[in-house]
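In what follows, every heavy atom counts, from backbone to side chain, and hydrogens, waters and symmetry copies are set aside.
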Amino acid sequence: MQLLFVRYLASSPVEEIQCVTQTRRRVRCTAKVLGPGALRGVWTLMPVTAQSGQLALPSDVMAVYSLSALPYQEQLRWRSQRCPQHDATPTAGDLAVADWEPFDPLRHHEHVHTRLPAHRRRPGPGLGSHASRRAHP
């Protein structure tokens, strides 16, 4: 996933990323960040970029779910991992930490996929998945 000009791995597929906010019942909100009516990103092929001094990677592009075309405020909402309802309630506390992990193309090479996902509703492996932690860049 790319947001605010940074690539991240998520702990779950795009459609399943859960809000981190605590509800009035003191449990984690079950709503998804990509809720009904929320602005959506797009799957796109982007260059695989390695840090300076790293070896070249075997592929030159990778599939990324990009939020870069969305308004800055919407990208902030995604970065804070809040559903649209809780984003409108800034006083609501977080029960969990946003589980983004900065994407490193060498360390996370198993998540580099050179083709866009075939199925639009469920991105699946287009952004890869950790063995123990289904993560997506």
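Put simply, L34 and L76 are part of the same group of oily side chains (I, L, V, M, F, W, Y) that touch within less than 4.5 Å, one to the next. Residues V6 and L70 are members of one and the same hydrophobic cluster, defined by side-chain heavy-atom contacts under 4.5 angstrom among Ile, Leu, Val, Met, Phe, Trp and Tyr. Two different hydrophobic clusters hold Y72 and V42 under the rule that ILVMFWY side chains link at heavy-atom gaps under 4.5 Å. Criterion: ILVMFWY side-chain heavy atoms under 4.5 Å apart, direct or through other members. Under it, W43 and F5 are not part of a common hydrophobic cluster. Linking Ile, Leu, Val, Met, Phe, Trp and Tyr whenever their side-chain heavy atoms come within less than 4.5 Å puts I17 and L39 in one cluster.
Here the NZ-OG distance, from K32 to S12, works out to 7.5 Å after rounding to the nearest 0.5 Å. Atom CD in Q2 sits 13.5 Å away from atom CH2 in W78 (nearest 0.5 Å). Atoms CE and CE, from M46 and M62 in turn, are 9.5 Å apart once rounded to the nearest 0.5 Å. Between the CG atom of D104 and the CZ atom of R7 there is a distance of 11.5 Å, given to the nearest 0.5 Å.
Between the side chain of Q18 and the backbone N or O of C29 there is at least one donor-acceptor pair closer than 3.5 Å. Side-chain N or O atoms of R82 include none that pairs as donor or acceptor with a backbone N or O of R77 at under 3.5 Å. Judged purely by atom type and a 3.5 angstrom limit, R28 uses its side chain to pair as donor or acceptor with the backbone of C19. With hydrogens and angles disregarded, a donor-acceptor distance shorter than 3.5 Å links the side chain of Q81 to the backbone of D99. Between the side chain of Q75 and the main chain of L4, a donor-acceptor pair closer than 3.5 Å is present. For Y8 (side chain) and L3 (main-chain N/O), no donor-acceptor pair under 3.5 Å exists by modelled atom type.
Looking at every heavy atom in both residues, A10 comes nearest to W100 through CB-CZ3, 3.5 Å. Nearest heavy atoms, A92 versus T21: CB-CG2, 3.5 Å.
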